[in-house]
There are 2 protein chains.
Amino acid sequence: MARTAGSHSDVTGPRVRAAALSLFARHGYAAVSMRQIARDVGVQAGALYNYTPDKQTLLFELMRDHMVELLEAVDGLPAGPPMERLEHFVRFHIAFHHDRPDAVFIAYMELRNLDPDNFSEIEALRSRYEAVLESIFSDGVTAQAFELRDAKVAAMAVIAMLTGVNTWFRAGGRLSLSAVQDHYWDMVHKMVVSAGGSIQP
Amino acid sequence: MARTAGSHSDVTGPRVRAAALSLFARHGYAAVSMRQIARDVGVQAGALYNYTPDKQTLLFELMRDHMVELLEAVDGLPAGPPMERLEHFVRFHIAFHHDRPDAVFIAYMELRNLDPDNFSEIEALRSRYEAVLESIFSDGVTAQAFELRDAKVAAMAVIAMLTGVNTWFRAGGRLSLSAVQDHYWDMVHKMVVSAGGSIQP
DNA sequence: GATTTATCTGAACAATCGTTCAAAACCAAG
DNA sequence: CTTGGTTTTGAACGATTGTTCAGATAAATC
């Protein structure tokens, strides 16, 4: 046998990426074989090499695409005063990551399986994302809207806190996603203003 | 050849665990072979099976030992009012995790490589740890020392935030570990008290 | 010194790994 | 229908995987 009825790269290509994303997220890059991906797609292992030069590139491109999408989305957030930008960032991060649990998981867990060059590229993209939040914090400190010791540390702390939602939140549970967004925004908001209720009633 | 001069299980056993811990943390469980571990120990692969029935058990015991040690340590924290217990928890978590970066990394990243039974056991230990912080929060809410919407959510948020320190902090950098502890405690402290009108309607 | 026990080697096992490639079968265009 | 390009199969490659085990040597015990 050879080419199968109905086969087309516009269909198989996305299915290869989807299967790899799902399997890498569930079992880890190193634990997933090309043959497992192929079986999920419904194809023999050799056919995968029409869609990626090798397994490493398949992983890298999944991660890069995710990070590029993340950066484009965060760049589209509205301008405004630091406090508003911070609230937008918090709600955005939770929602965006909730919509892509597999890609998020991979982007955080499979860094060590990247070749050095690929690792550097992903790390650069991640740093750009962290810099977005760090800028919000430093702008807020400059404008005296926030009281913070260190914008960099605060950015790392908040991103870790927000990304952690993916580890426990499940739709259909006790809380809705927007309730979670509200709660996290409440916590982050308190974090950046001075404690003691000086602002108001 | 056979038994080598100076060989002793009291020496080789810990070295096997240390090599596995380091390699699993650096490359991931699935990406590390028994032969790599053996090479690090300075032994042939077959000798490893004097110290573990199989690779899976080696991983599981590293994770379980880490979690048990964590739970014993957190149980040793002093009693007191919720705000003091919270501060102790924050500083403890950062210091304890900073001292064991490899074990922490494995305990968070290799869950998916555990057999179902082993996974359940590690998850139970993790839940017990999270419950410690959750209790501090609910006690603080009851005592009206904290203003928090949801002790469970707050516990997950704070643990994620604190554990994140391991991803960026390096001793010898811009900040000392105790400066980081101070900064995180500042943020967590603000999070649990009223900021004055910050609560969303 | 003799005997027992502890520890390791080195070879072997079947299974699986990522990857390549010629041949085959399908699709699209003329 | 014919031609040319696209897509997949299926077999094959050498390398590596986790694990087992008989035999050999060192250490401990008597």
Side-chain angles (χ1 to χ4, degrees), chain A residues 1-21 23-24 26-63 106 110 112-118, chain B residues 1-21 23-24 26-63 106 110 112-118:
Chain A
M1 281 204 274
R3 181 173 186 175
T4 56
S7 61
H8 201 301
S9 61
D10 292 345
V11 173
T12 309
R15 291 189 49 172
V16 168
R17 288 184 284 276
L21 190 76
L23 286 169
F24 288 166
R26 188 149 41 244
H27 304 110
Y29 170 76
V32 171
S33 71
M34 295 299 272
R35 285 172 179 82
Q36 287 176 57
I37 298 171
R39 192 179 330 125
D40 253 40
V41 176
V43 98
Q44 295 296 317
L48 298 180
Y49 291 84
N50 290 323
Y51 303 97
T52 183
D54 49 42
K55 191 187 177 191
Q56 166 73 203
T57 305
L58 183 54
L59 171 65
F60 168 66
E61 291 183 347
L62 289 173
M63 295 175 75
I106 290 173
E110 302 297 352
R112 60 188 170 184
N113 286 309
L114 289 175
D115 290 345
D117 286 356
N118 292 341
Chain B
M1 281 202 275
R3 180 170 187 174
T4 55
S7 61
H8 202 301
S9 60
D10 292 346
V11 173
T12 309
R15 290 189 50 170
V16 168
R17 287 185 285 276
L21 189 77
L23 287 169
F24 288 166
R26 189 151 42 244
H27 306 296
Y29 171 76
V32 172
S33 71
M34 295 300 271
R35 285 171 180 83
Q36 286 176 56
I37 298 172
R39 192 179 330 125
D40 252 40
V41 176
V43 98
Q44 293 297 317
L48 299 180
Y49 291 84
N50 290 324
Y51 302 97
T52 183
D54 48 41
K55 190 187 177 191
Q56 166 73 205
T57 304
L58 183 54
L59 171 65
F60 167 66
E61 290 182 346
L62 289 173
M63 295 175 75
I106 290 173
E110 302 295 354
R112 60 186 170 186
N113 286 310
L114 289 175
D115 290 346
D117 286 356
N118 292 340

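Protein chains get the first letters and strands the later ones, always in sequence-line order, with residue 1 at the start of each.
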Show every donor-acceptor pair shorter than 3.5 Å between a side-chain atom in residues 10-18 of chain B and any protein atom, with sequence neighbours excluded, or say none if there are none.
unit_1  : atom_1 : unit_2  : atom_2 : d
B:Thr12 : OG1    : B:His8  : O      : 3.2
B:Arg15 : NH2    : B:Val41 : O      : 2.8

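Residues A:Leu48 and A:Leu58 are not in side-chain contact: their nearest non-hydrogen atoms beyond the backbone lie 4.5 Å or more apart. Side-chain contact check for A:Leu114 versus A:Gln56: some heavy-atom pair is nearer than 4.5 Å.
Counting all heavy atoms, side chain and backbone alike, A:Arg35 lies closest to A:Ala45 at CG-CB, 3.8 Å. Closest of all the heavy-atom pairs between A:Val32 and A:Lys55 is O-NZ, 2.7 Å.
Sorted by residue number, the members of residues 8-17 of chain B with any non-hydrogen atom under 4.0 Å from DNA chain C read B:His8, B:Ser9, B:Thr12. Shown for residues 26-37 of chain A: residues whose heavy atoms fall under 4.0 angstrom of DNA chain D, namely A:Arg35. Of the residues in residues 49-60 of chain A, those lying under 4.0 Å from DNA chain D by heavy-atom distance are A:Asn50, A:Tyr51.
Partners of A:Ala47 according to the side chain to side chain contact (heavy atoms under 4.5 Å, CB included) rule, which considers only residues two or more places apart in sequence or in another chain, are A:Val43. Annotation: side chain to side chain donor-acceptor pair (under 3.5 Å) contacts of B:Asn50 (sequence neighbours excluded): none. Take A:Arg39 and apply the side chain to side chain contact (heavy atoms under 4.5 Å, CB included) test, not counting sequence neighbours, and it matches A:Gln36. Every side chain to side chain donor-acceptor pair (under 3.5 Å) that A:Thr57 has, sequence neighbours left out, goes to A:Asp54. With sequence neighbours excluded, the residues that form a salt bridge (Lys or Arg N to Asp or Glu O under 4.0 Å) with A:Arg112 are B:Glu110. Remark: B:Arg26 engages B:Ser22 in a side chain to side chain contact (heavy atoms under 4.5 Å, CB included) (not counting sequence neighbours).
The stretch residues 28-57 of chain A participates, sequence neighbours left out, in these ring pair (Phe, Tyr, Trp, His ring centres under 6.0 Å) pairs: A:Phe24-A:Tyr29.
Interatomic distance, CG of A:Asp40 versus CG of A:Leu23, reported as 4.5 Å (0.5 Å rounding).
Closest to the B:Ala2 side chain, of the nucleotides C:dC26, C:dA24, D:dT25, is D:dT25. Listed nucleotides: C:dT9, D:dA27, C:dT19. Nearest to the side chain of B:Ala5: D:dA27.
Atoms CD (B:Gln44) and C1' (D:dT19) sit 14 Å apart, rounded to a whole Å.
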Between the protein and nucleotides 3-5 of chain D, are there any N/O to N/O pairs under 3.5 Å, and if so, what are the atom names and distances?
none

